[in-house]
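Inspection log for the structure reproduced underneath, given as structure tokens.
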Number of protein chains: 2
Amino acid sequence: MTDTVVEPRMTRAARRVLDTAARLFYQRGITGVGVDLIAAEAGVTKKTIYDRFGSKDNLVVAYLRERDQRWRAVVDRHVEAAADPREAVVAVFDSLEAWQRAMGDRGCAMINARAELTGPDHPARELALAQKQWLRARFAELLEEAGIDDAADAAVELLLLHEGAVVMSDVGGIADAVERARHAARRMVDRAE
Amino acid sequence: MTDTVVEPRMTRAARRVLDTAARLFYQRGITGVGVDLIAAEAGVTKKTIYDRFGSKDNLVVAYLRERDQRWRAVVDRHVEAAADPREAVVAVFDSLEAWQRAMGDRGCAMINARAELTGPDHPARELALAQKQWLRARFAELLEEAGIDDAADAAVELLLLHEGAVVMSDVGGIADAVERARHAARRMVDRAE
DNA sequence: CTGGAAGTATACCTACCGGTATAGCTACGG
DNA sequence: CCGTAGCTATACCGGTAGGTATACTTCCAG
């Protein structure tokens with residue numbers, strides 16, 4: 001099965017558009033950013049945007065997909081650098097901290113997109129679902145490799161902690177939300193057998 | 001210190017407006033719902049809305065505040081019905097399940113509002129913060145009453161689990177996200193001393 | 001050297017947004 | 001019984017949204 005969404009041709013101008021859109025969408029929200037603004041900030045005409053991406057919605061999807069890809073790569077990098085599966089579980093939370101430091105913190109782009117794009121058939125829904133399922137599966141893998149009982153259940157718990165940390169470090173009020181989550185995760189893998 | 005926001009006079013028409021707005025804002029998003037639509041669905045003229053609430057932003061704030069109040073009341077009710085502080089901690093997750101069953105599940109209204117209203121000085125920001133701080137304090141109270149060590153730390157962990165459960169039951173993919181969180185919470189209070 | 005792809009510049013379209021203005025109706029308390 | 005609060009009805013405003021149309025340029029590859 002091939003991709004149902006046509007990949008836009010990534011010319012230099014398109015690259016600039018996508019980078020600019022990604023920054024603006026994340027910081028000011030998707031509905032809060034108009035196509036004209038993106039064009040102006042990217043130093044590009046609206047026509048170029050529509051020639052490359054077809055519609056604002058397609059541009060939004062491209063933004064979410066690319067961001068998702070990059071985030072997964074960061075997680076993978078941290079996981080692979082870990083000494084063993086248990087450390088790898090904890091390393092996922094390190095990757096979150098690194099990700100936030102690099103990208104700024106306005107919460108999870110997927111969750112935010114879901115909040116704004118409420119149509120029941122909007123692609124953002126399945127993208128968000130796929131991302132969270134991926135992380136859950138990743139946790140489950142690592143826990144199984146570590147020989148931990150009830151790996152599937154523990155993976156869900158870690159996912160909840162992770163998402164809670166993402167949300168709370170956006171909302172504020174808990175200075176070290178991610179570190180707290182990592183602490184909890186470490187305790188989980190240390191106690192478990 | 002008195003309230004900085006003027007309470008709108010709750011006439012019958014205003015009540016209908018706020019109820020309608022609450023439903024529409026939550027289901028379709030705040031930016032996704034126009035004042036004209038609210039007026040039409042509430043069986044009211046736009047003038048009435050602006051006479052009672054002054055602006056869409058004020059209406060949004062009224063929506064968030066009322067929803068917050070009601071949610072806190074539900075939590076309190078469940079907590080007070082619990083046999084002891086430890087059960088009360090778990091009961092918070094029961095209250096979440098009841099709340100979701102009653103209100104439908106499109107995630108946390110505060111978090112969604114934050115995603116849409118990105119202005120750094122928008123009242124939605126402090127409302128969200130206050131709500132989460134309140135829950136954290138509630139957890140901390142109960143854990144201290146239960147004589148659990150490191151109540152403050154445990155309270156943060158419970159908050160993360162709670163928020164993770166809210167997010168994930170919206171995103172989907174984990175059928176019983178709230179029950180999983182409750183399970184983890186029970187284990188926490190059972191193990192702790 | 002030529003044709004097409006990529007891009008700029010500019011103007012335009014329709015739809016809808018939050019918000020305002022004017023006029024008139026109804027119900028109720030002093 | 002009369003004034004005012006609360007409301008309806010309708011029309012309007014400026015701004016902005018996503019998206020399209022036309023004409024001109026630039027640049028590279030066959």
Side-chain angles (χ1 to χ4, degrees), chain A residues 5-64 112-113 115-119 121-124, chain B residues 5-25 27-64 113 115-119 121-124:
Chain A
V5 177
V6 179
E7 283 300 327
R9 299 217 30 212
M10 268 305 166
T11 61
R12 251 157 301 155
R15 182 71 264 153
R16 241 158 51 226
V17 167
L18 188 46
D19 289 341
T20 305
R23 179 172 45 85
L24 292 173
F25 283 156
Y26 186 64
Q27 277 162 3
R28 306 192 206 175
I30 292 168
T31 52
V33 172
V35 182
D36 295 86
L37 178 63
I38 296 169
E41 297 245 328
V44 145
T45 331
K46 266 209 289 185
K47 186 170 179 299
T48 300
I49 295 184
Y50 283 92
D51 281 350
R52 291 304 121 222
F53 295 93
S55 69
K56 185 187 177 181
D57 241 39
N58 288 153
L59 180 57
V60 168
V61 170
Y63 149 60
L64 292 173
N112 292 350
E116 296 193 71
L117 285 10
T118 59
D121 52 350
H122 197 285
Chain B
V5 177
V6 180
E7 282 299 327
R9 298 217 30 213
M10 267 305 166
T11 61
R12 251 157 300 153
R15 186 68 265 157
R16 240 157 52 225
V17 167
L18 187 48
D19 289 342
T20 305
R23 179 171 47 85
L24 292 173
F25 283 156
Q27 277 163 4
R28 306 191 205 175
I30 292 167
T31 52
V33 171
V35 182
D36 296 87
L37 179 63
I38 296 170
E41 296 244 330
V44 146
T45 329
K46 266 209 287 186
K47 185 168 181 301
T48 300
I49 294 184
Y50 282 92
D51 281 349
R52 292 304 120 218
F53 296 93
S55 69
K56 185 187 177 181
D57 242 38
N58 288 154
L59 181 56
V60 168
V61 170
Y63 148 61
L64 291 174
E116 296 192 72
L117 285 11
T118 60
D121 51 351
H122 197 285

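Please read these numbers as outputs of a predicted model, since none were measured by experiment. Letters A, B, ... are given to chains in the order of the sequence lines, protein chains preceding strands, and every chain is numbered from 1.
Rounded to whole angstrom, the span from the CG atom of A:Asp36 across to the P atom of C:dC13 amounts to 16 Å. Atom CZ of A:Arg15 is separated from atom P of C:dA6 by 16 Å (rounded to the nearest Å). Distance B:Ile38 CD1 to C:dC16 C1': 14 Å, rounded to the nearest Å. Atom pair A:Leu59:CG and D:dG18:P shows a separation of 10 Å (rounding to whole Å applied). Between B:Asp57 atom CG and C:dG18 atom C1' the separation is 10 Å, expressed in whole Å. Here C:dA6 presents its P atom at 13 Å from CZ of A:Phe53, a figure rounded to the nearest Å.
For the atom pair A:Ile38 CD1 and A:Leu59 CG, the distance stands at 5.0 Å (nearest 0.5 Å). Summarising the geometry, atom CZ belonging to A:Phe53 is positioned 9.0 Å from atom CG belonging to A:Asn58; distances are rounded to the nearest 0.5 Å. To the nearest 0.5 angstrom, B:Thr20 atom OG1 is 13.0 Å from B:Tyr63 atom OH. The CD1 atom of A:Ile49 lies 11.5 Å from the CZ atom of A:Arg52; values are rounded to the nearest 0.5 Å.
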Would you please test B:Tyr50 and B:Val35 for side-chain contact (heavy atoms from CB on, under 4.5 Å) and show each step?
CA-CA 9 Å; B:Tyr50 282 92; B:Val35 182; 3.5 Å; yes
Between A:Gln27 and A:Val33, is the side-chain contact (heavy atoms from CB on, under 4.5 Å) condition met? List the steps.
CA-CA 9 Å; A:Gln27 277 162 3; A:Val33 172; over 6 Å; no
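Contact annotation: B:Thr11 side-chain N/O to D:dA5 OP1/OP2 distance is not under 4.0 Å. Within the 4.0 Å cut-off from OP1 or OP2 of D:dC7, not a single side-chain nitrogen or oxygen of B:Arg12 is found.
Minimum interatomic distance between B:Ala42 and B:Val17 (heavy atoms only, all atoms of both residues): CB-CA, 4.0 Å.
Closest-nucleotide positions on DNA chain C for A:Ala13 and B:Val35 were compared, and the one nearer the 5' end corresponds to A:Ala13.
Within the helix from C:dC1-D:dG30 to C:dG30-D:dC1, the inter-axis angle between the opening and closing five-pair segments is 10°, rounded to 10°.
Checked for salt-bridge contact, B:Asp19 and B:Arg15 meet the test: a charged N lies under 4.0 Å from a carboxylate O.
A donor-acceptor contact under 3.5 angstrom links the side chains of B:Thr31 and B:Glu116, judged on distance only.
Across all strands shown, A:Val33 has heavy atoms under 4.0 Å from sugar-phosphate atoms exclusively, and none from any base.
Across residues 42-51 of chain A, A:Lys46, A:Lys47, A:Tyr50 each have a non-hydrogen atom less than 4.0 Å from an atom of DNA chain D (numbered order).
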